[in-house]
Amino acid sequence: MTICTPKTAKHIGKEAKSNHEEICRELGTDLHLVSKDLRTSLSGISMQLEAIEDGMYENNELAVKKLLAKVLDFESKIHAITSLIKA
């Protein structure tokens, strides 16, 4: 995902452009960490769904409720990221 492009820095001065590039580097690092966190969460949800499918849980209803809570947390994280990008 590219947030910063030459177009976004086109009409700003040299000092501002330098600041803009620094912010872009920082955002890139932060986005990398956030995407890793999201991938980890998604992998956990996926593995638990496969376990339910394979009959590994005695109480599928409880397992599904726990997974729904994780999905809501996942959606919350995505919403927060979207809000930051739009800001």
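What you see is a predicted model; the values in this text were computed from it and never measured.
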Worksheet, complete the sentence: One should read off an interatomic distance between Thr40 OG1 and Ile45 CD1, to the nearest 0.5 angstrom, of 11.0 Å
Worksheet item: Out of curiosity, Asp37 CG to Lys77 NZ, how far, rounded to the nearest 0.5 Å?
Response: 4.0 Å
Worksheet item: Do Ser76 side-chain atoms and Leu72 backbone N/O form a donor-acceptor pair below 3.5 Å?
Response: no
Response to the item:
d(Leu49 CG, Lys70 NZ) to nearest 0.5 Å is 10.0 Å
Discussion item. Count I, L, V, M, F, W, Y as connected when their side-chain heavy atoms are under 4.5 Å apart, and connections chain through other members. Are Tyr57 and Leu68 then in the same cluster?
Written reply: yes
Worksheet entry | Main-chain N/O of Leu42 paired with Ser46 side-chain donor or acceptor, under 3.5 Å | no
Worksheet entry | Euclidean distance, Leu38 CG relative to Ser43 OG, rounded to 0.5 Å | 10.5 Å
Item to complete: Check the hydrophobic clustering (I, L, V, M, F, W, Y; side-chain heavy atoms under 4.5 Å; chains of links allowed) and say if Leu67 and Met56 are grouped together.
Response: no
Worksheet item: Considering residues, nucleotides and ligands other than Lys66, do more than 12 of their heavy atoms fall under 6.0 Å from its NZ?
Response: no
